[in-house]
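A short worksheet on the structure shown next.
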Amino acid sequence: MLDLAIDGLEVRFRGLSEPALAIPSLRLAAGERVAVTGPSGSGKTTLINILTGLDRTPTGRVVWKNTDLTALSEGARDRWRARNIGLVMQDFHLFAGLSALDNVLLPQRLSRFRLADAVREEALRLLSRVGIVRPRQPVETMSRGQMQRVAVARALVAKPGLLVADEPTASLDAESGGAVADLLLELTREAGSTLIVASHDARMTDRLDRVLRLESGRLV
Amino acid sequence: MFRFIAADLRRHWLGVAAIMLLIALATALGVAVTLQERALRLGSARAAAAFDLVIGAAGSETQLVLSSVFLQPAPLPLLPGEVLARLRADPRVAWAAPVGFGDFVGGYPIVGTTREAVEGLGRLAEGSGFSHLGDAIVGADVNRDIGETFHPFHGTVETAGDVHEEVEYEVVGRMAPTGTPWDRAILVPIQAVWEVHAHRDHDDAPATPVNASGPVAAQVKAAHEEAGHEDHDHAEGAAHDEHDHHGHLAEEVDDAALMSADNPGVPAIMVKPKSIADAYNLRQEYRRGNTVAVFPGEVLTRLYGTLGDARRILSAVAYGAQGLVAAAILLVVSIHVLQRQRQIGALRALGAPRAVVFGIVWTEAFAILAVGVLIGFGIGYAGVSVLSERLGSESGVNLPVEFQRSDLWTMGGFFAVTAIVTLLPALLAYRQSPARALRS
């Protein structure tokens, strides 16, 4: 459950006269469900990278609850992200050779010294919740829809305050995309997490509380 | 982390195996050069250990050592009989035993010597030493049992000659293994060799059966009857009906006969001096005129010098190969890491700390290379073992293939280089920005 405050954010890329992203002020309430829309190149991914701490904030302030991301080092942002953010990406980024369960647990295994049994149970619960019947099945043998559902389970297993999904349905057919959209909405509501979805997909964006539309790096 | 690495290695097992094999072969090359050279050096040095000083007629020192220590057949000039007599009487000499060759049986050289040589070379594992001229002691690897009898063939193993039908030796003892070519030798009293050849030289028809004719045969027979050895027959002696069990070599071994200056010559004499000073004195004294005295160790050291140069060249070649392989593999691994920057970026995005990503890439690369190095040591050891086994059974020299403490340092050095070199791909992964990696 994180509140977000953005002030004076501006991202420029070398060689471009206009900033790629410029947000003078933005506030999000904890538990809010927000869509970020806009054409390609409008700054959606840049915004998401800033919000998740994947990129450094060059100017301005991005404060989640009490944490000022601009003041954190790269390593500190990694730790903060691991604790607070669940990420669902367009290309799933599951790791072949590992089972669905191991994929769900991988980020926890890599960032913690020892895996708590509770995390393991939560992983199994989430997998069954997203409709994966065989948690030991290697991910490379799954359909794309199943893969994205595993990714959703992975994003939620650490009970993050914020779930960020970057085009979660763009590489799926209508049916699988719909299922994934349903799951994202249901599961974040159950967990009470804030949800930010960058998407073109109207089936997804129409169902969210609030739509932020970006054009040429500015909110409209 | 290890589960992830294991899954990754499994998924790319073919490439991993190929890289490991390359590393292993490159490592094995260097290991083999070191081990094989060491095996040759240790093996020949151990074979020569029993030979403090070898004296022969003037000629090639190397050939003298090869013929006496390694029993390589070669026509050596003979020392006059009085040299042996003089050496045996010398107070500086603990013992002096002749090395007389010229006969063989079943691929084994027959060496005429004295009982001191048996003790000097090792010890008897079973049976007894020489007591009669017809007694033979077999080396550990000779395929003859105690109690067996055989006729010697004249010549060498390579150049088969006539059989000495009239001569029959009986195996009475077996030497404990010495790891030298002498394990394949059959030792007989030198007096017997002299007698056999004297008999042969005087006899126009060497293949005639025993007791046939000839002055020597008659002489020997007379001596044999004098010695009263009719009762000497063993149980199996009955099988050899007419001719006596030992043929005309039933006489007892008389070491006093060695003191005669009229004895036939011998190609080489192994000498055990009483002290180191005596050894140097004797060596100096017998390096004049028509004799040559050598420390086999000295001759071998000279040979190792040549061997060492060859090893240095081969080592340089091996190091070059290892360097090239290491560079090629580093390139492959680095390209692999760059190709997988999306995956690495995803790991970071999902919350894996930078140090963990660094650790994963380093551990994975190090594991592949280190296992390759280990396998390489194994392949090198196995290869040299097979080669040494083959060389050893051909030459009779036991070639010990062994690792020494210095090899641990070499292995440690390999691991250290591997550990440092694999930092490069790990740093590449460490420095990647997750956001940029995901975007590309």
Side-chain angles (χ1 to χ4, degrees), chain A residues 11 13 44-57 73-99 101-115 138-140 151 154-155 157-158 160 164 166-167, chain B residues 1-20 333 336-368 425-440:
Chain A
V11 182
F13 291 136
K44 294 197 299 289
T45 303
T46 306
L47 177 59
I48 285 203
N49 286 345
I50 297 282
L51 291 180
T52 53
L54 280 168
D55 261 345
R56 207 171 53 82
T57 309
S73 69
E74 189 162 351
R77 288 205 305 273
D78 281 350
R79 284 191 291 279
W80 173 84
R81 188 167 57 247
R83 268 197 314 276
N84 295 296
I85 294 196
L87 207 55
V88 176
M89 290 166 279
Q90 180 174 350
D91 302 329
F92 325 140
H93 284 295
L94 297 174
F95 296 94
L98 294 176
S99 69
L101 179 61
D102 283 336
N103 261 288
V104 170
L105 292 173
L106 182 66
Q108 310 309 315
R109 283 207 169 106
L110 292 182
S111 55
R112 278 173 181 74
F113 187 65
R114 222 183 115 72
L115 196 63
V139 282
E140 65 270 24
R154 176 178 64 188
V157 74
V164 176
D166 189 4
E167 301 283 4
Chain B
M1 175 162 148
F2 292 107
R3 195 183 295 224
F4 178 75
I5 292 173
D8 204 53
L9 291 179
R10 251 199 319 277
R11 210 154 62 88
H12 299 102
W13 68 270
L14 199 64
V16 167
I19 287 180
M20 275 186 186
V333 170
H336 189 61
V337 166
L338 290 176
Q339 276 176 346
R340 293 175 66 188
Q341 56 178 335
R342 275 173 64 77
Q343 192 191 24
I344 291 164
L347 279 175
R348 290 280 305 284
L350 294 170
R354 236 178 357 164
V356 169
V357 170
F358 178 87
I360 286 176
V361 174
W362 184 83
T363 309
E364 200 165 326
F366 181 76
I368 295 172
L427 278 172
L428 275 177
Y430 183 84
R431 289 171 52 86
Q432 273 174 20
S433 144
R436 204 164 308 143
L438 284 176
R439 208 176 295 142
S440 60

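Every chain is numbered from 1 and lettered A, B, ... according to where its sequence line falls, protein lines coming before strand lines.
Here B/G351 is the residue among B/A6, B/G351, B/G359 with the most heavy-atom pairs under 4.5 Å with chain A. Among A/A96, A/G75, A/A82, the residue making the largest number of heavy-atom pairs under 4.5 Å with chain B is A/A96.
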Working for side-chain contact (heavy atoms from CB on, under 4.5 Å), residues B/I360 and A/L110 | CA-CA 10 Å; B/I360 286 176; A/L110 292 182; 3.8 Å; yes

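Of the atoms belonging to A/D102, it is side-chain heavy atoms, and not backbone ones, that fall under 4.5 Å from chain B. In this structure, the portion of B/R11 lying under 4.5 Å from any heavy atom of chain A is its side chain and not its backbone. Using a 4.5 Å cut-off between heavy atoms, A/R83 makes no contact with chain B at all. Contact annotation for B/R10: only side-chain heavy atoms (C-beta onward) come within less than 4.5 Å of a heavy atom of chain A.
Considering only heavy atoms from C-beta on, B/V356 stays 4.5 Å or farther from A/R109 through its side chain. Considering only heavy atoms from C-beta on, B/D8 stays 4.5 Å or farther from A/F95 through its side chain.
Across every non-hydrogen atom of B/L350 and A/M89, the tightest pair is CD2-CE, 4.1 Å.
Using modelled atom types, one side-chain atom of A/R81 and one backbone atom of B/A349 make a donor-acceptor pair closer than 3.5 Å.
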